[in-house]
Amino acid sequence: MKIAIGCDHGGFDIKTAIMEYFDNNGIEYIDFGTFDGETSVDYPVYAKKVCASVLAGECEKGILCCGTGIGMSIAANKHRGIRAAVLADEFSAEMTRRHNNSNVLCLGGRVIDSKKAVTLADIFVKTEFDGGRHQKRVDMLE
Ligand code: RB5
């Protein structure tokens with residue numbers, strides 16, 4: 001599995017922590033930027049890059065980090081076929097995979113710390129979709 005990952009300046013630190021975790025655990029990813037935490041940039045640009053990679057099948061899932069995760073989730077959900085979830089707790093990270101088959105995780109670097117970001121990314125990457133009755137509901141989204 002390959003993960004597309006991107007951020008703006010507000011999510012740079014947690015994106016860096018998640019990539020370190022991926023490096024140490026053999027999880028492949030493509031980093032779509034931004035590449036420094038100092039320069040103010042526009043989150044929709046990075047949401048578009050990550051979503052395009054997921055929709056093209058280049059990456060199976062995406063992770064987007066900004067200050068709150070909210071801007072990234074709004075931007076990501078404009079892309080047909082993307083099911084982006086912004087969250088800050090373990091239960092939601094598990095359930096959005098199991099029930100919503102979310103393909104993009106949005107996190108806020110001003111909401112959660114790096115340790116929590118890594119924990120949530122790990123759950124998101126490893127949890128499978130339950131399918132069954134949830135498939136019909138996910139199909140209805142399209
Ligand atoms: C940038 O200051 C901030 O607005 C952005 O990172 C994000 O929180 C938007 O939702």
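Atoms considered below: every heavy atom in the structure, side chains included; atoms not considered: hydrogens, waters and symmetry mates. Because the structure is predicted, anything quoted here is derived from the model rather than measured. First listed ligand is number 1; within each ligand, the first listed atom is number 1.
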- 4.0 Å heavy-atom contact, H9 with ligand 1: yes
- Note on the structure: With heavy atoms and a 4.0 Å threshold, my read on which part of D8 contacts ligand 1 is side chain
- Taking atom types as modelled and ignoring hydrogens, do the side chains of D139 and Q135 form a donor-acceptor contact shorter than 3.5 angstrom? yes
- Who's the nearest protein heavy-atom neighbour of atom 9 (C) of ligand 1, and how far? Y43 CE2, 3.5 Å
- Item | For atom 10 (O) of ligand 1, the protein heavy atom that lies nearest, with its residue and separation | G71 N, 2.9 Å
- Task: Note the single closest protein heavy atom to atom 2 (O) of ligand 1, along with its residue, its atom name and the distance in Å.
- Result: R110 NH1, 3.2 Å
- Task: Specify the closest pair of heavy atoms between C7 and F12, including all atoms of both residues, with the distance to one decimal.
- Result: SG-CA, 3.6 Å
- Atom indices of ligand 1 within 4.0 angstrom of G67 heavy atoms, with elements: 5 (C), 6 (O), 7 (C), 8 (O)
- Atoms of ligand 1 under 4.0 Å from any heavy atom of C66, numbered from 1 in the order shown, are 6 (O), 7 (C), 8 (O), 9 (C), 10 (O)
- Item | Beyond-backbone contact of D122 with L120, side-chain heavy atoms, under 4.5 angstrom | no
- Output yes when K116 and D89 qualify as a salt bridge under the 4.0 Å nitrogen-oxygen rule, no when they do not. no
- Donor + acceptor pair across side chains of S53, E58 (<3.5 Å): yes
- N103 (side chain) donor-acceptor with G81 (main chain) under 3.5 angstrom: yes
